[in-house]
Structures are given as C-alpha cells and as structure tokens.
Trainee: 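My questions all concern the structure below.
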There are 2 protein chains.
Amino acid sequence: MIKKNKFNPELHELSEFAKALSHPARLAILEYLAETKTCISGDISDYIPLSRTTVYQHLKELKALGLIHGEIDGLRVNYCLCESTISKYRAMFDEFAKRIESAGIKCEVKTKKKCI
Amino acid sequence: MIKKNKFNPELHELSEFAKALSHPARLAILEYLAETKTCISGDISDYIPLSRTTVYQHLKELKALGLIHGEIDGLRVNYCLCESTISKYRAMFDEFAKRIESAGIKCEVKTKKKCI
DNA sequence: TATTTATGTCGCAATATTACGACATATAAT
DNA sequence: ATTATATGTCGTAATATTGCGACATAAATA
C-alpha cells in the first residue's frame, strides 16, 4: 500500500536511513556498538530492555541497510558498526539538512495572523 | 505495545525526529517548503503525488514535531519551515552521529571469518 | 555421544502507519 | 443568499512494525 516509488530515489534512500533510526532500541544498539568495540551479539540483547528475539529483529534491520554487520566466531556473532555506510548516509542527511536550513526567509510567525 | 519509555529520553526524542523523516513524502514536503518560500498548503498537495487527505496527514505529523507550522490566511493556510526546531533536532542528530562515528576501531571485515 | 549454549526462524497478536473517499466547515466570490 | 473553494475531520481498509514465545540449528563442551 505504500507508494514510495512515486518519489525521487534519493529521498527514498534517505527516508530508509531515517526509518532505521526511528526506533530508540536501534539507536541504543548503535550507541552500544560504538562504546563496546567487542560487540558480542548476546551482550546487546542483555543491554537492550527487550526480548532477545525482538533485539535480533532490530539487528536485522540495521544489517539490512548495511549500518552494521556480523562476524561469525564459533557459537558467537560479533556485530559491529560499518563506518563507511554510516558515513555515506550521514553525508546524505547533511546535504539534505543544509538544503532545508539554508532556504532563506521562512515565516517563523512574524505576522499577527492565526497560526495552527 | 511499543516499549519506547524503556529507553533514554534523548534517544527517544531523536527517534521521533527520525520517524518524522522516515517517509519520502514528508522529506519532499520539507524540500518543497524550503524551495517555495510562499508555502501555500494546496500547492503542497498538488506537488506531492498522493491524495490531499494523505498529504494533510503528513503535514500534521511534521507540525506535531514543530518542524513546520501553518498560518491561516483567509481560506488558505501557509505552511512553512520552522528553522529553530529544525536546527534543534539537527544538532541533536549531529551529536549522536559524532558519537557513533568517532568510536575508534570497528571490525570492518578485517578478518577471514564468515560474515552475515 | 549427550548436553549446554548462542544464535536463527516461525508464527502470531497487538498496535501503528499509510492512504483515501465521503463528509463538514468556514471563507471568498458571484 | 447561493455557490465555489480550501482546508479540516472521520471512518476504514490495507499494510507495516513491534514484540515475543516456541521451536530449530549448529558449535562448543562435558
């Protein structure tokens, strides 16, 4: 039902990045991976206050976008940040934000008209 | 069912910003408002390839976060970007991204182990 | 070999999002 | 006053997300 292919592919890609960051658990996972360079999968599940299955699902979403990846080490999996992909999306966002912010004069409630 | 209050309020707030940007229609709206300083509501509906009702819903979400606001002008409503709120969230995101990116060494597939 | 352990998969329920038509309201124009 | 116009509201259907328990798999260990 989602009509995303009606939009500019660049905006679509940026929206996918934003969606990956749109849940606090996923932000917390990224933060945790940044702090602990060891990045053992099980530790993430312990750290995040959600069930292991749910955390696993969030990990899959981050992995699908390439923001993290996992390295199998016997029984364990070490997940870690993928700096290059993160930088790529960060640059994409910066470019967008700059365009939005440097747009010159906006209304900013300067008139006495009723606002909503 | 969403267990967002289990997380750090800062991460929660950032995730709300990301969610607002997680649909290409909303990104397109922000872009359009940045380009056209006039920002007439009806024009937005014409520009975005979705029904007026749907566009209106997206506008409401952006408005709820304070990223845009509308000024009633008779029959029309002029929507426009709210630079201060956008800057606030942008700074929040930058701070987060910096923490993630400057985390030092990550694995980046340096070993010969199987990756997923 | 049997058991433990860490991860992965499946299916399901609850909730949220997306999209839109039909209708309501309120201002402007005729 | 009537009509046209722009925006707002409601209900609803389709789909996506979130969360989790139960089970499967595969490696390490006893």
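In what follows, chains carry the letters A, B, and so on, assigned in the order in which the sequence lines appear, proteins first and then strands, with residues in each chain numbered from 1. Every heavy atom of this structure was used, including side-chain atoms; hydrogens, water molecules and symmetry mates were not.
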Trainee: Find the distance between CD1 (A:Ile29) and CD1 (A:Ile44) and round it off to the nearest 0.5 Å.
Mentor: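 Rounded to the nearest 0.5 Å, the CD1-CD1 separation comes to 6.5 Å.
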Trainee: Under the 3.5 angstrom rule, does the side chain of B:Arg52 hit a backbone N or O of B:Ser45 as a donor-acceptor pair?
Mentor: no
Trainee: Got a sec? Which of residues 50-60 of chain B come in under 4.0 Å of DNA chain D, heavy atoms?
Mentor: B:Arg52, B:Thr53, B:Tyr56
Trainee: Please compare A:Phe7 and A:Val77 by the position of their nearest nucleotide in DNA chain C and report the one closer to 5'.
Mentor: A:Val77
Trainee: Heavy atom of residues 18-28 of chain A under 4.0 Å from DNA chain D: which residues?
Mentor: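 Heavy-atom cutoff 4.0 Å gives A:Lys19, A:His23, A:Arg26.
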Trainee: Measure from CD1 on B:Ile40 to C1' on C:dA28 and round the result to the nearest Å.
Mentor: 15 Å
Trainee: How are the rings of B:Tyr89 and B:Phe17 set to each other: parallel, tilted or perpendicular (split at 30° and 60°)?
Mentor: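 Judged by the thresholds at 30° and 60°, the geometry between B:Tyr89 and B:Phe17 is parallel.
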Trainee: Starting at atom CG of B:Asp43, determine the distance to atom P of D:dA6, rounded to an integer number of angstrom.
Mentor: 10 Å
Trainee: So, taking the atom named CG in A:Leu59 and the one named CD in A:Glu61, what distance separates them when rounded to the nearest 0.5 Å?
Mentor: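 Separation between the atoms: 10.0 Å.
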Trainee: Could you run through nucleotides 25-30 of chain D and give me one letter per nucleotide, 5' to 3': B if any protein heavy atom sits under 4.0 Å from the base, S if only the sugar-phosphate is that close, - if neither?
Mentor: -BBS--
Trainee: Less than 4.5 Å apart, any side-chain heavy atom of B:Tyr47 and any of B:Val55?
Mentor: no
Trainee: Around A:Glu95, counting heavy atoms of other residues, nucleotides and ligands shown, do more than 12 lie under 6.0 Å from its CD?
Mentor: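 Yes, because the 6.0 Å sphere around CD of A:Glu95 holds more than 12 heavy atoms from other groups.
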Trainee: So does A:Gly42 get a backbone contact from the side chain of A:Arg76, meaning a donor-acceptor N/O pair under 3.5 Å?
Mentor: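 No, because the side chain of A:Arg76 does not come within donor-acceptor range (under 3.5 Å) of the backbone of A:Gly42.
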Trainee: Taking the side chain as every heavy atom from C-beta outward, state whether B:Leu21 and A:Leu14 have any pair of such atoms under 4.5 Å apart.
Mentor: no
Trainee: Considering only heavy atoms from C-beta outward, does the side chain of A:Phe7 approach that of B:Pro49 to under 4.5 Å?
Mentor: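 Yes, at least one pair of side-chain atoms sits under 4.5 Å.
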Trainee: After noting the C-alpha distance and the side-chain angles of B:Arg90 and B:Asp94, does the key distance pass the side chain to side chain contact (heavy atoms under 4.5 Å, CB included) rule?
Mentor: CA-CA 6 Å; B:Arg90 211 260 233 249; B:Asp94 279 355; 3.5 Å; yes
Trainee: Starting at atom CD of A:Glu71, determine the distance to atom P of C:dT7, rounded to an integer number of angstrom.
Mentor: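 A:Glu71 atom CD is separated from C:dT7 atom P by 13 Å.
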Trainee: From the options D:dA6, C:dT18, C:dT7, select the nucleotide whose nearest atom is closest to the side chain of B:Glu61.
Mentor: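 Of D:dA6, C:dT18, C:dT7, C:dT18 is nearest to the side chain of B:Glu61.
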